[in-house]
Protein chains: 2
Amino acid sequence: MLTSADFRKRARIIKALGHPSRLAMLHALADGEMCVCDLRELVRAHMSTVSKHLHVLKKAGLVDHRKQGLCVYYRLRVPCILDFMKCVEAVLDENRKGVCCNRT
Amino acid sequence: MLTSADFRKRARIIKALGHPSRLAMLHALADGEMCVCDLRELVRAHMSTVSKHLHVLKKAGLVDHRKQGLCVYYRLRVPCILDFMKCVEAVLDENRKGVCCNRT
DNA sequence: ACACTATTTGGCTAAGATACCAAATAGCGG
DNA sequence: CCGCTATTTGGTATCTTAGCCAAATAGTGT
């Protein structure tokens, strides 16, 4: 039986996933680790913004990092995040049915 | 290739999942449709709060509803949401490793 | 120690989410 | 039509999040 604490823990992780830039970074990290400045180019945001997003992902336990020289490399901690997305896509497909134009 | 619009759409859906009460409701709906007042008991919140949560889920395309008499019954629109949770659990398992006490 | 680059942190503001209350709406039975 | 129950909507206070700037920290090469 799942308790409300279980749902709280899950929600905390899911919330960390709920941002376009963070999703884009996780997606990119699926191909291997990347340093912050590369991720920064990817999402085209300020360094500090990217760093804070990564902090959110780290706190949730979704990524890990290691420092090498000046650069910090982040990597996925739990690689299933991408099949995880399959369900999200299924929802999007359902949403598209019966709608003539894609809403952005 | 995924565009930033794709990530925005995904994030919108994931954000709708990112609340303990909404997760609990979706979990309950996996066993079949339920009316709002039953969901209300489940999450022990005010009627209006529950109704607004359901509205969020509806907008995201995660649930549908039908009205029968006085009651409104909600149901899952895309049932994969639960194996979707498997990955979230995998993250939680990882998080638990190397931590002696469960954080709530 | 100094200059330089990469990253994080603190402070601030604007926008968004949450929860409650009260009021509005909708279907039911008398 | 009225009273009753189920649900939604609007308003508001409060909390959280996001993004930017400036300053702090950390590692490198000179």
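By convention in this document, chain letters (A, B, ...) are assigned in the order of the sequence lines, proteins followed by strands, and residues within each chain are numbered from 1.
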Practice task
List for me each residue that meets side chain to side chain donor-acceptor pair (under 3.5 Å) alongside A:H53, sequence neighbours excluded, and say none if there are none.
Solution key: A:R22

Fill in the blank from the handout: Rounded to whole Å, the NE2-P distance (A:H46 to C:dT9) equals 19 Å

Completion exercise
The side chain to side chain donor-acceptor pair (under 3.5 Å) partners of B:H19 (sequence neighbours excluded) come to none

Practice task
Ignoring backbone atoms, establish whether B:T49 has a side-chain N or O less than 4.0 Å from OP1 or OP2 of C:dC20.
Solution key: yes

Handout entry: Spacing between B:R44 atom CZ and C:dC20 atom C1', to the nearest angstrom
Key = 18 Å

Exercise for the section: Could you tell me whether B:R44 atom CZ has more than 12 heavy atoms of other residues or ligands within 6.0 Å of it? Expected result: no

Exercise for the section: Please answer whether the main-chain N or O of A:D64 pairs with a side-chain N or O of A:R77 as donor and acceptor at a distance below 3.5 Å. Expected result: no

Handout entry: Partner set under side chain to side chain donor-acceptor pair (under 3.5 Å) for A:R40, not counting sequence neighbours
Key = none

Practice task
Take the protein atom CZ of B:R8 and the nucleotide atom P of D:dA18, then report the distance between them rounded to whole Å.
Solution key: 15 Å

Please list, pair by pair, any protein nitrogen or oxygen found under 3.5 Å from a nitrogen or oxygen in nucleotides 6-8 of chain C.
from: C:dT7; atom 1: OP1; to: A:V36; atom 2: N; distance (Å): 3.3
from: C:dT7; atom 1: OP1; to: A:V72; atom 2: N; distance (Å): 3.2
from: C:dT7; atom 1: OP2; to: A:C37; atom 2: N; distance (Å): 2.9
from: C:dT8; atom 1: OP1; to: A:Y74; atom 2: OH; distance (Å): 2.8
from: C:dT8; atom 1: OP2; to: A:S51; atom 2: OG; distance (Å): 2.8
from: C:dT8; atom 1: O5'; to: A:S51; atom 2: OG; distance (Å): 3.3

Completion exercise
Under a 4.0 Å heavy-atom cutoff, the residues of residues 15-31 of chain B touching DNA chain C are B:H19, B:R22

Exercise for the section: Can you sort out the partners of B:D38 under side chain to side chain donor-acceptor pair (under 3.5 Å), two or more places apart, ordered by chain and number? Expected result: none

Practice task
Whole angstrom is fine here: how far is it from CZ in B:R12 over to C1' in C:dG16?
Solution key: 14 Å

Handout entry: Within the 6.0 Å centroid threshold, strictly below: A:F7 and B:H27
Key = yes

Exercise for the section: Would you indicate, yes or no, if C:dA19 has its OP1 or OP2 atom less than 4.0 angstrom from a side-chain nitrogen or oxygen of B:H53? Expected result: yes

Problem - Nearest-angstrom distance from the residue atom NZ of B:K59 to P of C:dT18 - result: 10 Å

Fill in the blank from the handout: One should read off an interatomic distance between A:L23 CG and B:K9 NZ, to the nearest 0.5 angstrom, of 13.5 Å

Problem - Spatial distance of atom CG (B:L42) from atom CE (B:M34) [nearest 0.5 Å] - result: 5.5 Å

Handout entry: Rounded interatomic separation in angstrom, taking CG from A:L57 and C1' from D:dA18
Key = 14 Å

